[in-house]
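FYI, side chains are in, hydrogens and waters are out, and symmetry mates aren't considered; it's all heavy atoms of this structure.
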Amino acid sequence: QLQLVESGGGLVQPGGSLRLSCVVSGFNFDDHAIGWFRQAPGKEREGVSCISMNGVSSMYADSVRGRFTISRDNAKRSVYLQMDNLKPGDTAVYYCAAKPWYKYGSRYRCDLRNDFDYWGQGTQVTVSS
């Protein structure tokens with residue numbers, strides 16, 4: 001059973017930056033793709049970014065591409081989301097989630113669908129002046 005704990009959220013002004021961290025405990029972290037999702041009040045949860053189990057492949061939602069960067073450090077069992085040039089529309093609770101690589105049939109794939117197997121509790125990001 002995997003457990004995921006997010007941190008790094010907070011209040012930031014438009015144009016500012018934050019770095020979210022997701023630390024994973026339990027077995028087989030290396031066998032899982034990791035995704036970042038967010039949910040704003042009154043809206044459905046949406047995929048933001050994901051990274052394959054081997055760290056080679058990544059994906060970004062159109063709304064964050066060029067501003068957010070995902071990375072992972074398997075030795076530290078951690079995944080990071082660097083968020084730059086933040087906008088008020090980025091305000092949401094951010095969740096990290098894990099899905100085993102075999103569900104993709106490839107170690108090089110990930111996706112932004114909401115069907116990940118394990119989820120963290122979330123961290124609040126508020127972008128406001």
Atom CD of Gln121 with >12 non-hydrogen neighbours under 6.0 angstrom: no

Neighbour count >12 (heavy atoms, 6.0 Å) for atom CZ, Arg109: no

Side-chain donor/acceptor pairs under 3.5 Å, residues 122-129, sequence neighbours excluded:
unit_1, atom_1, unit_2, atom_2, d
Thr123, OG1, Gly9, N, 3.2
Gln124, NE2, Ala92, O, 3.4
Gln124, NE2, Thr126, OG1, 3.3

Shared hydrophobic cluster, [X] / [Y] (ILVMFWY, side-chain heavy atoms < 4.5 Å):
X	Y	value
Phe29	Tyr95	no
Val93	Leu86	no
Met83	Val48	yes
Val79	Val64	yes
Leu81	Leu112	no

Do [X] and [Y] have side-chain heavy atoms sitting under 4.5 Å apart?
X	Y	value
His32	Phe116	no
Pro14	Lys87	no
Gln82	Ser71	no
Cys110	Tyr104	yes
Val56	Arg107	no

Check against side chain to side chain contact (heavy atoms under 4.5 Å, CB included), Asp73 and Tyr80: CA-CA 8 Å; Asp73 184 338; Tyr80 309 100; 4.2 Å; yes

Rounded distance [0.5 Å steps], [atom1] in [X] versus [atom2] in [Y]:
X	Y	atom1	atom2	answer
Lys99	Asp115	NZ	CG	3.5 Å
Asp84	Thr69	CG	OG1	6.5 Å
Ser78	Ile34	OG	CD1	10.0 Å
Cys96	Ile51	SG	CD1	13.0 Å
Trp36	Cys50	CH2	SG	13.0 Å

Salt bridge Arg65-Asp62, side-chain N to carboxylate O under 4.0 Å: yes

Mind listing the side-chain donor-acceptor pairs of residues 18-27 below 3.5 Å, one per line with the distance, residues two or more places apart or on another chain?
none

Exam field: side chain Asn28 to backbone Asp31, donor-acceptor pair closer than 3.5 Å: no

Ser57 side-chain N/O to Tyr108 backbone N/O, donor-acceptor pair under 3.5 Å: yes

Steps toward salt bridge (Lys or Arg N to Asp or Glu O under 4.0 Å) verdict (Lys103, Asp117): CA-CA 10 Å; Lys103 291 196 174 184; Asp117 294 65; 2.7 Å; yes

Tyr60 six-ring centre to Arg67 NZ/CZ under 6.0 Å and within 45° of normal: no

Reference residue Trp119; test side-chain contact (heavy atoms from CB on, under 4.5 Å); the match among Leu4, Asn114, Leu2: Asn114

Non-hydrogen atoms of [X] and [Y] that approach each other most closely:
X	Y	answer
Phe37	Gly47	CD2-CA, 3.4 Å
Ala40	Thr91	CB-O, 3.6 Å
Arg72	Met53	NH1-CA, 3.2 Å

